[in-house]
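Counting convention: from 1, in listed order, for ligands and their atoms alike.
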Amino acid sequence: MTDRPIPLRAVRTAAKCPTCGKEVVAEYRPFCSKRCADIDLGRWLKEGYRIETDEAPTDEEPGGPGPPGNRPTGQER
Ligand SMILES: [Zn+2]
């Protein structure tokens with residue numbers, strides 16, 4: 001979940017925190033602190049969640065709206 005493709009070169013050299021732009025701390029790389037990591041991670045998860053729920057919830061059977069068992073006729077399907 002937390003592992004993202006990070007360009008090694010960017011990490012090796014003096015990288016900057018993508019959240020606030022400060023100097024990256026090796027312990028929290030590629031961020032400068034845990035807080036920034038959480039912020040970025042949260043933002044990232046949010047985006048992913050939004051994409052996942054992009055699909056329209058189609059749980060009802062297609063054909064006609066109405067509660068099941070309350071149909072006037074059972075001949076036509
Ligand atoms: Zn930061």
Point to revise | Non-hydrogen atoms of F31 and D40 that approach each other most closely | key: CE2-CB, 3.3 Å
Study note, to complete from the structure: Protein-side N, O or S atoms sitting under 2.8 Å from the Zn ion (ligand 1) are C17 SG, C20 SG, C32 SG, C36 SG
Practice item. Look up atom OG in S33 and atom CD1 in I39, then write down how far apart they are to the nearest 0.5 Å. Key: 7.0 Å
Point to revise | Shortest non-hydrogen contact from P30 toward P18 | key: O-CD, 3.1 Å
Review point. Got a sec, which residues hit side chain to side chain donor-acceptor pair (under 3.5 Å) with K22, two or more places apart in sequence or on another chain?
Key: none
Study note, to complete from the structure: Here the gap from T19 atom OG1 to R35 atom CZ, rounded to the nearest 0.5 Å, amounts to 10.0 Å
